[in-house]
Amino acid sequence: MTPRANREGSANVEERDILREKPLRYLGYANEVGESFRALWPVKLVWATYAVASSYVLADGIDKGIKANRNYTLNNTRAEVPTAERSSRVGDVTTALGDTVIWQSLASVIIPGFTINRTCAVSLHLLKNLTKLPLGVRKWTTTAIGLGMIPFIITPIDKSVDWMMDRTIRTLYYQIPPSLDSEK
C-alpha cells in the first residue's frame, strides 16, 4: 500500500497497489510458466506468455507514472512548497515509469525467462543422455523442474536487480538510490 492524499490534501489514506498484490502480480510470471512448458507447448503459446508478462510490465509502469503525476500535483501545488523545491512533473513521471519498466523487464521477464529456459533445456538434455525414460516422461519432468524453480528464483533475482540498478542507472536519477540509503 502506498500513501494517498485524502480530500483535504494530507497523505493519510492508504492506496492499494493492485498490480503488486496477488493475483494480478502473477501475470508477471506468465513467461516463466511458458518457459517451463516449452517442451510440451507450441512455441507460439510460449511466446504468448511473454506477451502477457510484458503487458503486465507496461501496465505497472503506466500505473506508477500515473501515481507519480498524482503525487506531483499533491506535493507541488500547495503554497507552502517553495518553487525552488518543487520537482519536475515530467521528470517525476518519467523516472517512475522508466524505473518500473526497466526493473520489471529485468526481474519479471528477461532474467527469470532466461533462467527457466536454460534450466529446462539442460534438464531435458541430461535426462535424454543419462536416462532411458520415455520422451513424454522427460518432457513432463523438465516442466516440473521449471515450475518448481519459480518460487526459489524470485527473491534472489529481485534483490540482484535492485542491487544492480542502484549501482548503475538509479544513480542518474536518485541522489541516493533507495536500497543504498537503507544500508547506512
Side-chain angles (χ1 to χ4, degrees), residues 1-2 15-69 93-170 172-173 177-179:
M1 297 254 237
T2 55
E15 181 177 358
R16 291 183 58 200
D17 189 349
I18 63 167
L19 289 170
R20 298 277 175 99
E21 296 174 11
K22 298 167 182 104
L24 286 180
R25 175 66 187 110
Y26 292 132
L27 293 175
Y29 304 127
N31 65 304
E32 295 166 50
V33 173
E35 285 297 346
S36 296
F37 278 92
R38 185 178 281 272
L40 297 168
W41 287 355
V43 174
K44 286 184 180 183
L45 188 55
V46 174
W47 284 110
T49 65
Y50 275 89
V52 171
S54 297
S55 297
Y56 168 82
V57 168
L58 290 174
D60 195 30
I62 291 167
D63 178 62
K64 297 312 171 279
I66 290 169
K67 288 177 179 174
N69 186 50
V93 171
T94 303
T95 298
L97 187 144
D99 186 76
T100 301
V101 168
I102 292 167
W103 189 93
Q104 288 283 11
S105 295
L106 289 168
S108 295
V109 180
I110 297 168
I111 296 171
F114 177 80
T115 303
I116 299 290
N117 176 285
R118 293 296 79 206
T119 300
C120 288
V122 167
S123 299
L124 191 58
H125 177 76
L126 290 174
L127 288 169
K128 176 184 176 189
N129 292 323
L130 300 175
T131 71
K132 294 182 183 201
L133 294 172
L135 179 60
V137 173
R138 291 193 313 257
K139 287 182 175 184
W140 276 105
T141 302
T142 298
T143 300
I145 290 169
L147 291 172
M149 284 184 60
I150 295 171
F152 297 104
I153 67 172
I154 293 168
T155 301
I157 290 173
D158 289 356
K159 288 182 179 184
S160 297
V161 171
D162 271 331
W163 185 91
M164 184 265 310
M165 286 183 65
D166 284 346
R167 284 156 181 80
T168 57
I169 192 165
R170 286 182 178 157
L172 300 174
Y173 48 85
S179 69

On a heavy-atom basis, which atom in [X] and which in [Y] lie closest, and how many Å separate them?
X	Y	answer
D162	W103	OD1-NE1, 3.1 Å
K64	T100	CG-OG1, 3.3 Å
A53	A30	N-CB, 4.3 Å
N31	T49	CA-OG1, 3.5 Å
V46	G34	CG2-O, 3.5 Å

Checklist entry - Would you find a donor on one side and an acceptor on the other, under 3.5 Å apart, between the side chain of S54 and the backbone of A51? => result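 Checked: no pair found.
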Checklist entry - Counting N and O atoms only, with roles assigned by atom type, does the side chain of N129 sit under 3.5 Å from a partner on the main chain of H125, one being a donor and the other an acceptor? => result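 Yes, N129 side chain to H125 backbone: donor-acceptor pair under 3.5 Å.
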Item to check | Stepwise side chain to side chain contact (heavy atoms under 4.5 Å, CB included) test for L135 and K128 | outcome: CA-CA 8 Å; L135 179 60; K128 176 184 176 189; over 6 Å; no
Could you tell me the separation between the [atom1] atom of [X] and the [atom2] atom of [Y], rounded to the nearest 0.5 Å?
X	Y	atom1	atom2	value
Y29	L27	OH	CG	11.0 Å
D158	Q104	CG	CD	8.0 Å
N69	I66	CG	CD1	8.5 Å
F114	E32	CZ	CD	14.0 Å
L127	T141	CG	OG1	6.0 Å

Checklist entry - Can you check whether D63 reaches D17 side chain to side chain, under 4.5 Å on heavy atoms? => result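 In short, these two side chains touch, coming nearer than 4.5 Å.
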Checklist entry - Is there a side-chain contact between M165 and D99, using heavy atoms and a 4.5 Å cut-off? => result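 Result yes, sub-4.5 Å side-chain heavy-atom pair found.
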Next on the checklist: Please enumerate all residues that pass side chain to side chain contact (heavy atoms under 4.5 Å, CB included) together with I157, with sequence neighbours excluded.
Outcome noted: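 Only A107, I111, P112, T115, I153, V161 meet the side chain to side chain contact (heavy atoms under 4.5 Å, CB included) criterion with I157.
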Checklist entry - Once the angle between the rings of W41 and F37 is folded into 0 to 90°, is it parallel (under 30°), tilted (30 to 60°) or perpendicular (over 60°)? => result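 Parallel: the ring planes of W41 and F37 meet at under 30°.
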Could you list the donor-acceptor pairs under 3.5 angstrom formed by side chains in residues 142-152, with sequence neighbours left out?
| residue | atom | partner | partner atom | Å |
| --- | --- | --- | --- | --- |
| T142 | OG1 | R138 | O | 2.9 |
| T143 | OG1 | S36 | O | 3.1 |
| T143 | OG1 | K139 | O | 3.0 |

Checklist entry - Is the count of non-hydrogen atoms from other residues, nucleotides or ligands lying under 6.0 Å from Y173 atom OH greater than 12? => result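 Above 12, so yes.
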